[in-house]
Amino acid sequence: MHERSILDIAAPSGRMPPYGDTRHARQEVAIPPLGSRRRKLWEIPHKYHCPIIGTCLDVGELRRLGARFSWRKQEPPSDYEIHVSFVAAADERNDLSQATYKLLEKKYTGVVGRFTKARSTEELLALWTEALGAGEVPGALWAVMTHPRADAVVMSLVYEDIHMISHQIGAGQRADLKALSETRQELARLKRDFETQQRRARELADRREREIARLSERLAHCESDCERLREREYNLSERLKAGGAETYQQALDERDARLAQLEEALSASEARTAAWREKHALAQAECERLAQLAQERAADCEALERLVLQSSAASCEDCPNERCAQRADLGGRLVLCVGGRKPLVEQYRRLVTGCNGRFDHHDGGLEDNQRRLEAMLASADAVVCAADYVSHDAYYRTKRFCKRCEKPHVLLGSSGVSAFARALEQVAGYAAPASH
């Protein structure tokens, strides 16, 4: 521990360099030539000591270094007093300035080595600009200020940059303080919310504990009841064994097995019954369809028989047959047959002629021209169309034309002679018109 305090080592006036006064930024300062030797701390102009001490060393480092020297007062000086003392001591060579110089050299050895490669002021300023962009301001400041190529212009430019950076840092600190205040308010709100949530959680936990205690007590009662029931079951089982319950149990098992077999057989029988019922329904529907078809065929045959008898008899005026009394008379009307089987056309013609009518035929678009169909439909008095031997276009055109012109027509599902004979009776008025 040295005898003198750092306040004694500092300049008596305790003057501060004009760090905040930008009017001295470009003021020329007499800098002695150094050749290739780097400057010592006390060889740097005094107005640059304040930014060097304030930027390159933090207060903790200054306090640890100042602890090697005795304090004038009992309590340690403030941060500002420490800073002023070190800046004042750096103006001349003394124990404190030498210790400060050694600390700076040790701390920024790597940066100083990189700046030593600069051989001109341009290279030195380029390294300084690069360091500013990388955020390496403290080490670069010490390396530039001690560099032998740093003249008054270089030092002034570096001083201007440091001066503006200090303003930016101050503004940033004010913004940080504002954000810190807002953060503290938010933290206080979060603490209040946390305490509220914690209180609610404790209340919920207490309720859960009470519910768990109640359920535990209830569980104990249930376990006690179960134990009594198990004991009672054991006693009953022993009594049943003593009374021959095993024989009854075997009989019950055999009965259950037999019942299971009967239920399985019943299920199989029900399945077979359902299948037979389904087949019966299908067969019944088929029988009804065949009966209806047979009825229609019978009516066709009867109509054909009547027409055949009518056409073969020379005169039916004195015929005792009642069916001959129902004579079909077309009254000379023209009957157009659309479609039908070609080998039966002549039989169609004879049936129409036998009923005192005229006959015309169109094959339904198979060979005859479709355009000719419209003219034949217009000239006919009645139309018979066989759906099984006709084109789709001719069938629908015939159907639409007859409905639009309200012309008598019969649409046959079959092109047989009997069906055609029945259609002639419907056209002649012996049966109600029907469409298939």
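Atom CD of E233 has 12 or fewer heavy atoms from other residues, nucleotides or ligands within 6.0 Å. Within 6.0 Å of CD in E123 there are more than 12 heavy atoms belonging to other residues, nucleotides or ligands. Residue E406 places its CD atom among 12 or fewer non-hydrogen atoms of other residues, nucleotides or ligands, all under 6.0 Å distant. By the 6.0 Å contact criterion, CD on E278 is open, its count of non-hydrogen atoms from other residues, nucleotides or ligands being 12 or less.
Residues satisfying the salt bridge (charged side-chain N to carboxylate O under 4.0 Å, His left out) criterion with E211, sequence neighbours excluded, are R214.
Atom NE2 of H221 is separated from atom SG of C226 by 13.0 Å, given to the nearest 0.5 angstrom. A distance of 12.5 Å separates CD1 in I82 from CG in L57, rounded to the nearest 0.5 Å. With values rounded to the nearest 0.5 angstrom, L103 atom CG is found 8.5 Å from R64 atom CZ. Taking CD of Q197 as the reference point, atom CZ of R192 lies at 13.5 Å (rounded to 0.5 Å). Distance CG/D329 to CG/L424: 12.0 Å, rounded to 0.5 Å. Note: L351 CG to R422 CZ = 15.0 Å, rounded to the nearest 0.5 Å.
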Using atom types as modelled, flag every donor-acceptor pair under 3.5 Å from a side chain in residues 260-271 to any protein atom, sequence neighbours excluded.
{"unit_1": "Q261", "atom_1": "OE1", "unit_2": "R258", "atom_2": "NH1", "d": "3.4"}
{"unit_1": "S267", "atom_1": "OG", "unit_2": "E263", "atom_2": "O", "d": "2.9"}

Only pairs under 3.5 Å count here: list side-chain donor-acceptor contacts from residues 110-119, not counting sequence neighbours, and write none if there are none.
{"unit_1": "R114", "atom_1": "NH2", "unit_2": "E136", "atom_2": "OE1", "d": "2.8"}
{"unit_1": "T116", "atom_1": "OG1", "unit_2": "V112", "atom_2": "O", "d": "2.6"}
{"unit_1": "R119", "atom_1": "NH1", "unit_2": "T116", "atom_2": "O", "d": "2.8"}

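A parallel orientation is assigned to the rings of Y396 and H392, their planes being inclined by less than 30° (bins at 30° and 60°). Taking the six-membered ring where tryptophan is involved, the planes of F420 and F359 are perpendicular, since the angle between them exceeds 60° and thus also 30°.
Using a 4.5 Å heavy-atom cutoff, the side chains of T109 and E105 are not in contact. Counting only heavy atoms from C-beta outward, the side chains of Y48 and S156 approach each other to under 4.5 Å. At a threshold of 4.5 Å between non-hydrogen side-chain atoms, the residues D360 and M376 count as touching. Counting heavy atoms from C-beta on, the side chains of D161 and W128 come closer than 4.5 Å. Between L336 and V384 there is no side-chain heavy-atom pair separated by less than 4.5 Å. Using a 4.5 Å heavy-atom threshold, the side chains of R202 and R207 count as separate. At least one side-chain heavy atom of V338 sits less than 4.5 Å from a side-chain heavy atom of V390. K407 has its side chain out of reach of L377: every pair of non-hydrogen atoms, C-beta onward, lies at least 4.5 Å apart.
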**OP:** May I have the step-by-step check of side chain to side chain contact (heavy atoms under 4.5 Å, CB included) for T55 and W142, ending in yes or no?
**Re:** CA-CA 9 Å; T55 303; W142 174 249; over 6 Å; no

**OP:** Quick one: do K399 and L411 satisfy side chain to side chain contact (heavy atoms under 4.5 Å, CB included)? Show the steps, please.
**Re:** CA-CA 8 Å; K399 185 176 180 179; L411 303 177; 3.9 Å; yes

Original post:
Hey, mind stepping through R39 and T146 against side-chain hydrogen bond (donor to acceptor under 3.5 Å, both in side chains) and telling me if it holds?
Top reply: CA-CA 4 Å; R39 292 186 182 83; T146 57; over 6 Å; no

Original post:
What's the verdict on side chain to side chain contact (heavy atoms under 4.5 Å, CB included) for L124 and S120, showing C-alpha distance, side-chain angles and the deciding distance?
Top reply: CA-CA 6 Å; L124 188 61; S120 64; over 6 Å; no

**OP:** Could you check M145 against I52 for side chain to side chain contact (heavy atoms under 4.5 Å, CB included), going step by step and ending with a plain yes or no?
**Re:** CA-CA 9 Å; M145 289 300 183; I52 291 174; 3.8 Å; yes

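Between V383 and A380, the shortest heavy-atom distance links the atoms CG2-CB, 4.4 Å. Taking each heavy atom of G339 and C337 in turn, the nearest pair found is O-SG, 3.7 Å. Between Y395 and C385 the shortest heavy-atom distance is CD1-SG, 3.8 Å. Closest approach of A150 to V144, counting heavy atoms only: CB-O, 3.1 Å. Between C56 and E61 the shortest heavy-atom distance is O-OE1, 4.2 Å. In terms of heavy-atom proximity, L330 sits nearest to A428 at CD2-CB, 3.9 Å.
The pair R349-E346 meets the salt-bridge criterion, since a charged nitrogen lies less than 4.0 angstrom from a carboxylate oxygen. A salt bridge links R230 with E227: the distance from a Lys NZ or Arg NE/NH1/NH2 to an Asp or Glu carboxylate oxygen falls below 4.0 Å. Electrostatic pairing of R210 and D206 does not count as a salt bridge here, judged by no charged N lying under 4.0 Å from a carboxylate O. One finds a salt bridge joining R63 and D79 here, because a Lys/Arg side-chain nitrogen approaches an Asp/Glu carboxylate oxygen to under 4.0 Å. The pair D193-R189 meets the salt-bridge criterion, since a charged nitrogen lies less than 4.0 angstrom from a carboxylate oxygen.
In terms of modelled atom types and a separation under 3.5 Å, the side chain of D388 and the main chain of S415 share a donor-acceptor contact. Between the side chain of Q347 and the backbone N or O of L344 there is no donor-acceptor pair closer than 3.5 Å. H83 places no side-chain N or O within 3.5 Å of a backbone atom of E81 that could act as its donor or acceptor partner. Between the side chain of H49 and the backbone N or O of I44, at least one donor-acceptor pair lies under 3.5 Å. At least one donor-acceptor pair under 3.5 Å links the side chain of D381 to the backbone N or O of L334. A donor-acceptor pair is defined here as one N or O able to donate and one able to accept, closer than 3.5 Å; no such pair exists between the side chain of R37 and the backbone of P148.
Using modelled atom types, one finds no donor on one side chain facing an acceptor on the other under 3.5 Å when comparing R149 with T121.
For the pair K47 and Y159, the cation sits on the ring face: its NZ or CZ lies under 6.0 Å from the ring centre, inside 45° of the axis.
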